[in-house]
Amino acid sequence: MTDVNPTARPGPGRTDRRAELAAGLARVRSRIAAACAAAGRADSEVTMVAVTKTYPASDVLALAGLGVVDMGENRDQEAAGKAAEVAAAGAAPRWHFIGQLQRNKCRSVVRYADVVQSVDSVRLARALDVAALAGRDRPVDVLVQVSIDADPSRGGALPGSADPDAGLGAVAGAVAGAAGLRLAGLMAVAPLGWEPQRAFARLAEVAEAFRAAHPEAVALSAGMSGDLEAAIRHGATHVRVGSALLGMRSTLR
Ligand SMILES: *Cc1c(COP(=O)(O)O)cnc(C)c1O
């Protein structure tokens, strides 16, 4: 008999991918544990958000099966379909929206995302609030995205700025006063060309001042595959990890 039964071949199947993801997860978890130990923190203080952008729903399901609860996506168009597919398969991860968000996408995002990490203007906070009140029965947790280098072209609310739409104080106040939103903390991305230690040390100062005004908003989302150790050293409570967990993406996003 020749081997013609395609189902008999091992192929690039689910088990291989699951093993790959399990190995990636073990590596990332041990990096997080080592960084926490070095910083004198408990690893229970740091939540890993698996950034599944560009990867299929089957990977989300495999990660959920491995015990990952928090998943991150940065584009509504991709995330909405993926979240529906994952829900239809019976899994219920906590979705974090981490990308630049247009106001006309808020209605879609509040249907699946329990956390939006990328609110950086008063106008966006208001649109998200309206969408949340209309489209869900619980508030959305919001992290205000802050700009570490205060470059207004790259997004992020501006610490220390009195700008009525983009100043951090104004954005945080708008979120805190919105019935459909719950102010949970801050998020940031290290600016290109900044050494991560310097970026996250600066972020820690911003976070400290922010918590003086909003003591209940303790989440600090900082650090990705390449710089999670520096972020944990400077107080990150959430790290957003894509490529170190799932593999390199073919596109730069
Ligand atoms: C893609 C992305 C990540 C994950 O980046 P990796 O380097 O793949 O870990 C984290 N945060 C944001 C905002 C992202 O867009």
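We count ligands from 1, going down the list as the structure has it; atoms in each ligand are counted the same way.
Note on ring orientation: taking the six-membered ring where Trp is involved, the planes of His96 and His238 are tilted (angle from 30° to 60°).
Considering backbone and side-chain N/O atoms, Met187 never comes within less than 3.5 Å of an N/O atom of ligand 1.
Per-residue contacts place Arg240 under 4.0 angstrom from the following atoms of ligand 1 (heavy atoms of the residue considered): 4 (C), 9 (O), 10 (C), 11 (N), 12 (C), 13 (C). Near Val241, the atoms of ligand 1 lying under 4.0 angstrom from a non-hydrogen atom of the residue are 9 (O).
Under the side-chain contact (heavy atoms from CB on, under 4.5 Å) criterion, Ala157 pairs with Val144, Leu168, Val171, sequence neighbours left out.
Considering CE of Met187 and OG1 of Thr237, their distance stands at 12.0 Å, rounded to 0.5 Å.
We find that Glu73 and Lys82 are joined by a salt bridge, their nearest charged nitrogen and carboxylate oxygen being less than 4.0 Å apart. Looking at Asp114 and Arg136, a side-chain N of the basic residue comes within less than 4.0 Å of a carboxylate O on the acidic one, giving a salt bridge.
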With a 3.5 Å cut-off and sequence neighbours excluded, list the donor-acceptor pairs that the side chains of residues 210-218 form with protein atoms.
none

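Summarising the contacts of atom 1 (C) of ligand 1 with His96, Met224, Lys53, the nearest heavy atom is found in Lys53. By heavy-atom distance, the residue among Ser221, Ser243, Gly223 lying nearest atom 7 (O) of ligand 1 is Ser243.
If you look at Ile98 next to ligand 1, the close heavy atoms, those under 4.0 Å, come from the backbone and the side chain alike.
Contact analysis puts Arg249 in contact with ligand 1, with a non-hydrogen atom separation below 4.0 angstrom.
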